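Report on the structure given below.
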Amino acid sequence: MEEPQEISSTNDSCVGDIVIEKYLVESKEAASHVQLACSVQHCAFPLDGNQLCIWNTEDPSHQRLILRGHQQPITAVAFGNTANPLLICSASQDCVIMWKLDECREKVLEGLTPRGTVMRTLLGKVLCLRFCPDDRVVAACAGNKILVLDVESLSTSAELEGHRGPVTAAEFCAWRARVLVSVSEDRSFKVWDHRLGSLIYSSSVLTGSHAVSDSRSRLGECARLSAWAAMCEPWSSSQVMSDTSRGFSCASPLLSLFIDEDSRQLVTGSADGQLWIFSLGESHHYRCVTHVDLKKKTESFSTRRVESQLCSLPEESQLPSTDGLERGGEIEVELPVLSLAPCALSLVPSSERGFVSSENASCLWIGSSAGLFILNLANFELEAVLRYKDFRNLSIQVAGSCAVMGKTGNHMAFCLLTSLFGSQVAVLEIRLACLVRSLPRPNVGKDLSVLPRSGVLPTSPLYFALVEEKSTKPASQKQSAVRSVVKDQPLVFHSRVRSSGYTSAPHVTMFLPKTNIKNNGKRSSKCKNNYKCKEYPSESPLPTRLSKQLAVASDPTAVCCLQFSDDGRRLACGLANHLSLVFDADLSGKPAVFSGHDGAVSTVCWSHDGRWLLSTSQDGTLRVWSARRTELALCLGEGMFPRPVQSAQFYYIDAFILSSSGPEFQLLKYHVDTCNDDLRRYKQKSRCKAVFSLRMTDAVEMTSFSAVNDFYSYIVLTAGRNRTLEVFDLNVGRSAALIAGAHSRPVHQICQNKGSSFMSQQSQVYNLFATTAVGDGMRLWDLRTLRCERRFEGHPSRGYPCRIAFSPCGRYVACGAEDRHVYVYEMGSSTFSHRLAGHTDTVTAVAFNPSAPQLATATLDGKLQLFLAE
């Protein structure tokens, strides 16, 4: 066994213990743009062109193993998935060889030359090798074809043809043994049944969302891609230019592929730093979940890191340089996605994760020429960035090929790199705990909670409700209070004379249960119809069966909003024809009609006790209605607010009304006259006054807000026209946090996970809330971290502000869509679990019944649908 040339260990070159360059070798021939391989214990790469070098990352006694058998330079290497025997496959233009690693090592110890098994010869240039999960077959990507080679019989079981360009990567599907996915330089992916040798699905050409519109910019982009292609064989500049001349928007070839078994998603990356994520779930039809621009995500991550400024600056010798991050001007022009691999970031202890908050989310290593990135597949944000040039002592600053393997036991990962401009090969040891510990640890939001942690402060505007409640006691209570002032003392002032007891409080039995009622075993009709006699079933199936559909008006009119009452017995909806309707929960009977607005009703909201219905309209007024009498009880409009009212709701268990107008929201104290005398009802004594108001930062117009009314809470969430989210704490009467750039467009709804009176949840779950914006999907946030924890994308909502709703159990979130469907997502997955059909137009609003597994939906053509559980 020959010694590799110029091998050196650089353990002392550690920078802050984040990255250690474990090994470095100088090869006679460059190995850039070659598929490298990493397994749990080994790294494999071409050495001196046609030799296969294997390093053991755990046992220093036999770290290097040289395998010979190829005549031409090796172009692809892959490890098998089973540990016994551990297989490794290598390919060159002359042959594909299978090696059994344990047998090869034994041969070397015996002084013999190890030999592999030739599986196929003269395939041409093989760009990728991949084993199936059980190592029975291996896929070899040669030219425009994929050859499926049988490991036992050494025969070709299938030849898959269909790509228009060289196939650059392939992956087997772990949960569907027959399925193989491939990507190509033709910028498409295909799904195959490799056992039958048939094509299952072929995607369209994938192009980035940053397509250049003006011809000068397009030529400049193509020139950059051509220059990159000229450097990076086998992606030729002629291929890029010819594709551009055929009308493609100058997109770069796809280079890498990864299939995540947990989320059932396919991830593919291109040479210009674009990633596409597709859903492989059943009935999802390989829909695109999202598109990620790695360069933009890197810039966003750098901005977050600089703006936080909440971590102390360590010594210069212990942390990588952040000059480029602070200036923001050293971000690379292109970040080619060379490799993709799973990252076990969730296994790092939560005490060390700091900035990383998604404990159960799947994460992904992205290997690029400039560095390594960790992408969270739940919120599609970068959790960590490791740039090679920030670590000055690393030998390779620009990588040509990359392979990463995570170690779950000791929270480490190994990265195998080859130099783009030289012939060096290096193995890096990355310590995940140190990497995430070096990131900023923001403490904004750590003291925020929807559930109160302390009592109401005397300076709080909410204290007004408590003072008024004490000062407005009923007359009977006031008289008893006066009587209680008289002290209980003897009327005859002699020590031996007992008091007559006239001034002592009588002993009254406040409650005496009736025990003589005969029960015939039947429940009364009152209890039978009372929704509070039962609890919401925690393990109930999702309501997916369409039970009823009805039109709310004779002419098509849009339903703008929906809300169930807190007892789940009634459903209110606001219409574009200026009316509000209240139906029974099962949509039976004739609805109650509330008329009076001069514009489309934009908001309907029930009081907690169900006595009052609040509505706002585009006419700029706020109205409170008696739900029982269907008549107006309070009207607020011009003169009360500086600008027209946009939205309103009851707050603090009906003690206040929150309303928004322009850049501020107002806290209104109200009184509704409940006089039952028909002769005096014309003298309306209902009144309302503003007790407090707060403005958004920079006085930006408020587009949505949300607060909890089912229990006492100090938190109010708001969204602004400038795409920001702002959290207000009314106990201290000021802004508590600001989230900039929450969406790419202004948020049109904030929806909190408020739970239900019929269903209890864990206390921390109430801190979750969702936001939605036209064309930008839904995002799930955690109030404690003020970070997007998950993104829900894939439902079409490009022009109409479709609304969203949480289920009472907190396991699902539903949203309307423009394709006449309702999409229901599970909280632990970014892909939808159900797609409910039966609608005749855009679904504008959705609402879950708080007391039973029911889902009500509304459409743009004025129809209501009720879905029940199977």
Side-chain angles (χ1 to χ4, degrees), residues 350 357-360 442-466 469 532 535-536 538 563-564 566-568 605-609 649-658 665 667 692 694 704-719 725-739 749-771 779-790 804-813 827-828 848 850-851:
S350 58
S357 60
S358 301
E359 298 183 3
N360 300 319
N443 55 10
V444 177
K446 68 178 183 179
D447 295 327
L448 294 177
S449 174
V450 171
L451 299 176
R453 295 177 177 175
S454 61
V456 180
L457 300 175
T459 57
S460 170
L462 302 177
Y463 191 72
F464 180 85
L466 300 178
E469 182 180 352
K532 292 189 177 181
E535 293 184 358
Y536 190 94
S538 58
Q563 191 182 64
F564 276 99
D566 282 6
D567 60 4
C605 178
W606 289 95
S607 63
H608 182 64
D609 56 14
Q649 69 162 80
F650 290 101
Y651 174 60
Y652 214 64
I653 313 186
D654 300 341
F656 299 97
I657 292 177
L658 278 178
F665 70 87
L667 185 68
F692 192 71
L694 280 173
S704 177
F705 78 91
S706 177
V708 176
N709 186 47
D710 301 289
F711 51 85
Y712 293 117
S713 177
Y714 308 143
I715 299 298
V716 178
L717 307 175
T718 63
L725 295 176
E726 192 161 3
V727 183
F728 292 91
D729 186 347
L730 291 190
N731 195 28
V732 295
R734 59 177 174 82
S735 174
L738 181 69
I739 305 174
Q749 186 190 0
I750 302 175
C751 183
Q752 290 181 260
N753 181 27
K754 303 177 182 179
S756 167
S757 302
F758 304 85
M759 179 72 190
S760 61
Q761 301 182 24
Q762 295 181 353
S763 59
Q764 61 269 22
V765 179
Y766 291 100
N767 291 311
L768 299 178
F769 65 95
T771 58
R779 302 193 181 190
L780 181 68
W781 305 81
D782 192 332
L783 185 63
R784 298 165 297 176
T785 61
L786 298 177
R787 293 195 61 212
C788 175
E789 298 295 333
R790 187 171 294 278
I804 61 179
F806 278 99
S807 65
C809 60
R811 293 187 297 158
Y812 305 100
V813 58
M827 298 292 284
F848 282 96
S851 65

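In this text, all values refer to a predicted model and were calculated from it rather than measured experimentally.
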Qualifying residues under side chain to side chain donor-acceptor pair (under 3.5 Å), relative to Asp710, sequence neighbours excluded: none
query: Any side-chain heavy atom of Trp781 sitting closer than 4.5 Å to one from Ile739?
result: yes
query: What is the distance from atom CG of Asp566 to atom OG of Ser607, rounded to the nearest 0.5 Å?
result: 8.0 Å
query: Residues in side-chain contact (heavy atoms from CB on, under 4.5 Å) with Ala805, at least two apart?
result: Val846, Phe848
statement: Rounded to the nearest 0.5 Å, the OG atom of Ser454 sits from the OH atom of Tyr714 at a distance of 5.0 Å
- request: Could you list the residues that satisfy side chain to side chain donor-acceptor pair (under 3.5 Å) with Trp606, not counting sequence neighbours?
  value: none
- line: Sorted by chain and number, sequence neighbours left out, ring pair (Phe, Tyr, Trp, His ring centres under 6.0 Å) with Phe665 holds for Phe728
field: Counterpart residues, side chain to side chain donor-acceptor pair (under 3.5 Å), relative to Asn731 (two or more places apart)
entry: none
task: Would you mind reporting whether Leu725 and Leu717 have side-chain heavy atoms less than 4.5 Å apart?
output: no
message: Measuring from atom OG of Ser807 to atom CG of Asn753, what distance do you get when rounded to the nearest 0.5 angstrom?
response: 7.5 Å
field: Spacing of Leu730 atom CG and Leu462 atom CG [to the nearest 0.5 Å]
entry: 5.0 Å
task: Kindly give the heavy-atom pair with the smallest separation between Arg453 and Leu448, and that separation in Å.
output: NH2-O, 3.9 Å
field: Donor-acceptor contact present, side-chain Asn767 to main-chain Asp782, <3.5 Å
entry: no
- prompt: Any donor and acceptor pair, going by atom type alone, linking the side chain of Tyr651 with main-chain N or O of Ser706 inside 3.5 Å?
  reply: no
query: In Å, rounded to the nearest 0.5 Å, how long is the span from CZ of Phe650 to CG of Asn709?
result: 8.0 Å
For Cys751, all residues meeting side-chain contact (heavy atoms from CB on, under 4.5 Å), sequence neighbours excluded: Gln749, Ile804, Phe806
- prompt: Given side chains that start at C-beta, do those of Pro850 and Lys754 come closer than 4.5 Å, heavy atoms only?
  reply: no
task: Check ring pair (Phe, Tyr, Trp, His ring centres under 6.0 Å) between Phe711 and all other residues, then give those that pass, not counting sequence neighbours.
output: Tyr766
query: Is any side-chain heavy atom of Asp609 closer than 4.5 Å to a side-chain heavy atom of Asp654?
result: yes
- prompt: For Pro808, does its backbone N or O pair with a side-chain atom of Gln761 as donor and acceptor, under 3.5 Å?
  reply: yes
statement: Rounded to the nearest 0.5 Å, the CZ atom of Arg787 sits from the CG atom of Leu780 at a distance of 12.5 Å
Partners passing side chain to side chain donor-acceptor pair (under 3.5 Å) against Thr718 (at least two apart in sequence or in another chain): none
- prompt: Taking side chain as C-beta onward, heavy atoms only, is Val727 less than 4.5 Å from Leu786?
  reply: yes
- request: For Asp729, enumerate each residue passing the salt bridge (charged side-chain N to carboxylate O under 4.0 Å, His left out) test, keeping only those at least two apart in sequence or located in another chain.
  value: none
field: Any side-chain heavy-atom pair of Leu457 and Val732 under 4.5 Å
entry: yes
query: Do the side chains of Val765 and Met827 get nearer than 4.5 Å, heavy atoms only?
result: no
- prompt: What heavy-atom pair brings Ser713 and Val450 nearest, and what distance separates the two atoms?
  reply: OG-O, 2.7 Å
